[in-house]
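Proteins come first, then strands; the chains are lettered A, B, ... in the order of their sequence lines, and each starts at number 1.
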Protein chains: 2
Amino acid sequence: MSSSNTISHEIAESLRDEILRLQYRSGERFPSERDLAARFDASRGAVREALSQLEQLGLIRTQPGGARVQSVDSASLAVLGPLMQLNDLPNPVLVDQFLETFGVLAALTAKNAINAANAEQLIQLKQLVVKLADESVDLEGMQPRWREFMETLSGIADNLVVRLISNDLKAQFVDQMMRLGIRPDLKKSSIKRLISSLRVSINKKDGELASEAMLAHFEELRTAMSEAIGLKASEIRQMAV
Amino acid sequence: MSSSNTISHEIAESLRDEILRLQYRSGERFPSERDLAARFDASRGAVREALSQLEQLGLIRTQPGGARVQSVDSASLAVLGPLMQLNDLPNPVLVDQFLETFGVLAALTAKNAINAANAEQLIQLKQLVVKLADESVDLEGMQPRWREFMETLSGIADNLVVRLISNDLKAQFVDQMMRLGIRPDLKKSSIKRLISSLRVSINKKDGELASEAMLAHFEELRTAMSEAIGLKASEIRQMAV
DNA sequence: GCCCTATATTTGGTCCGACCAATTTGGTCG
DNA sequence: CGACCAAATTGGTCGGACCAAATATAGGGC
């Protein structure tokens, strides 16, 4: 499926997925570099580069004498994407957890951004919300505007920690959902309510209100996404028959 | 200070810090592997392994023809630790952002854990809180208990996304604060209030209440930590004179 | 003089073979 | 049965070599 251009990356992906599929017990010895080189018909150097990546992901720990597999949930955040991508359909539980987490981070960002925004930035936000409202008829076309709005919020809030987390999460999640063609079907009314709340919170410079609106929105997104995945699942089941 | 045992890791750390210190502009060409090998007096293989790690961190992007530096705030979450460790004293702004972020995640975990806990788990939590209260006289000695409590909450909430993020953050932050001897001076009364709130929320199985208590606690932790760092800073300034 | 193209150079990606040091393993001895 | 020692295994590093892609450079056309 996802074959990088370089051999070392392919090896890394392959081994990473094996570990994520729990084909090794935590603490178990990992095959030696020479064995892996033979198995993948590659040089030891390429294998070493792959293992170096796995180590960075927190999936293995190498030492002279042998590498050992580590527990998945002690790994780095960067394994989330691959973890969701293991099967042809993303794990719904994981997706839901992702949205829940992303929701609280987005709410935090909105709260801080609006509370910290100066007059100029408030005007900018207001304009962005107007643009959002204009395009709210087309849920697909709204995406870029929504992204722009969130980006601006993130820029004003200026919280690097949240930003890095969101980057990681987004890169591993949003794009993948797009690629799979899983699109949550949000009700027009709920979007309208969200936009309205945002507008009010900006006008009143009420970060708390924006935070609550954001939380509510992601709550609805979670149920919608759950349904969307369920739908996709039945589609696939049909095709299999 | 932080010299790994292997050469490739040392090179990686060195280059990572250079990038984090913004010694390269985003998009700028990175020195060639051969040049780096000469500079560090190492083999090209060792350099390549180091670059492989930097790429995993999202700090550079390699391509035939040359590697390029990427913007720091498009990097992976794993750069946070090194970023805070660049100077002898951690960046207070970053520390504050960290605590704020960790706070909302902890609050989310507490809410979900308590809402999802079964009878047995509630009893377990109750016992842990009692143990916390018993040791609340000694703020230092309380740490392990607090960790245990949070671990248990995390286990019950069972949200892998939050867990992975928290792992990353904790590994890069908590231990470092410990190492630097920066200990926030929380008031006994506020700890008492936290424990009391937690106890009530467990008894009433009220996740929302636990969430609020957690948020309030991290809020106090933020101010305390800010003071602690300020104190440390003046200490260092004294020593310099 | 400027722009575009073709060539030469640089650079990353991979391979091979080799050596060292630390760990692991297996057997031997007490 | 346990402690201890030697051999095999394994990761870490080095050097040199070749290829393909990307870049830089020189040349020709306008």
Whole Å only: how far is the [atom1] atom of [X] from the [atom2] atom of [N]?
{"X": "A/Ile7", "N": "D/dC19", "atom1": "CD1", "atom2": "P", "result": "15 Å"}
{"X": "B/Phe40", "N": "D/dC14", "atom1": "CZ", "atom2": "C1'", "result": "17 Å"}
{"X": "A/Leu51", "N": "D/dG12", "atom1": "CG", "atom2": "P", "result": "9 Å"}
{"X": "A/Ile60", "N": "D/dT10", "atom1": "CD1", "atom2": "P", "result": "15 Å"}
{"X": "B/Leu54", "N": "C/dG12", "atom1": "CG", "atom2": "C1'", "result": "15 Å"}
{"X": "A/Ile11", "N": "C/dG13", "atom1": "CD1", "atom2": "P", "result": "14 Å"}
{"X": "B/Glu49", "N": "C/dG13", "atom1": "CD", "atom2": "C1'", "result": "14 Å"}
{"X": "B/Phe30", "N": "C/dT11", "atom1": "CZ", "atom2": "P", "result": "14 Å"}

Side-chain N or O of [X] less than 4.0 angstrom from OP1 or OP2 on [N]?
{"X": "A/Ser8", "N": "C/dG13", "result": "no"}
{"X": "B/Ser43", "N": "D/dC14", "result": "yes"}
{"X": "A/Arg48", "N": "D/dG11", "result": "no"}

- Would you say the side-chain atoms of A/Ser226 pair up with the backbone N or O of A/Arg222, donor to acceptor, closer than 3.5 Å?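 No, because the side chain of A/Ser226 does not come within donor-acceptor range (under 3.5 Å) of the backbone of A/Arg222.
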- 5' priority, DNA chain C, between A/Gly45 and A/Arg29 [closest heavy atom]: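 The answer here is A/Gly45.
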- Task: Given salt bridge (charged side-chain N to carboxylate O under 4.0 Å, His left out), test B/Arg48 with B/Glu55 step by step and report yes or no.
- Result: CA-CA 10 Å; B/Arg48 279 186 61 77; B/Glu55 190 177 24; over 6 Å; no
- For B/Asn118, does the CG atom sit with more than 12 other heavy atoms under 6.0 Å from it, leaving out its own atoms?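 Enclosed: over 12 neighbouring heavy atoms sit under 6.0 Å from CG of B/Asn118.
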- With a cut-off of 6.0 Å (strictly less than), are more than 12 heavy atoms of other residues, nucleotides or ligands near CZ of A/Arg183?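 More than 12 within 6.0 Å, yes.
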- Query: When you match B/Ala46 and B/Arg34 each to their closest nucleotide on DNA chain D, which lands nearer the 5' end?
  - Reply: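 Upstream on the strand: B/Ala46.
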- Query: If we call it a pair only when both distances are under 3.5 Å in a Watson-Crick or G-U wobble match, what pairs with C/dA8?
  - Reply: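 Across any shown strand, C/dA8 pairs with D/dT23.
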- Task: Anything under 30° is parallel, anything over 60° is perpendicular, the rest tilted; go ahead and classify A/Phe173 against A/Phe98.
- Result: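 Plane angle under 30°, so parallel.
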- Item | Ring geometry between B/Trp146 and B/Phe149 (parallel below 30°, tilted from 30 to 60°, perpendicular above 60°) |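 Tilted, since the angle between the ring planes falls between 30° and 60°.
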- Item | salt_bridge(A/Glu18, A/Arg21) N-O dist < 4.0 Å |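 Result for this pair is no, no salt bridge flagged.
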- Message: Let's see if you get this right: which residues in residues 61-71 of chain A place a heavy atom under 4.0 Å from DNA chain D?
- Response: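 Result for residues 61-71 of chain A: A/Thr62, A/Gln63, A/Pro64, A/Gly65, A/Gly66, A/Ala67, sorted by number.
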- Under 3.5 Å, is there an N or O donor on one side and an acceptor on the other linking the side chain of A/Arg44 and the base of C/dG17?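 Not at all, since no donor on one side and acceptor on the other fall under 3.5 Å apart.
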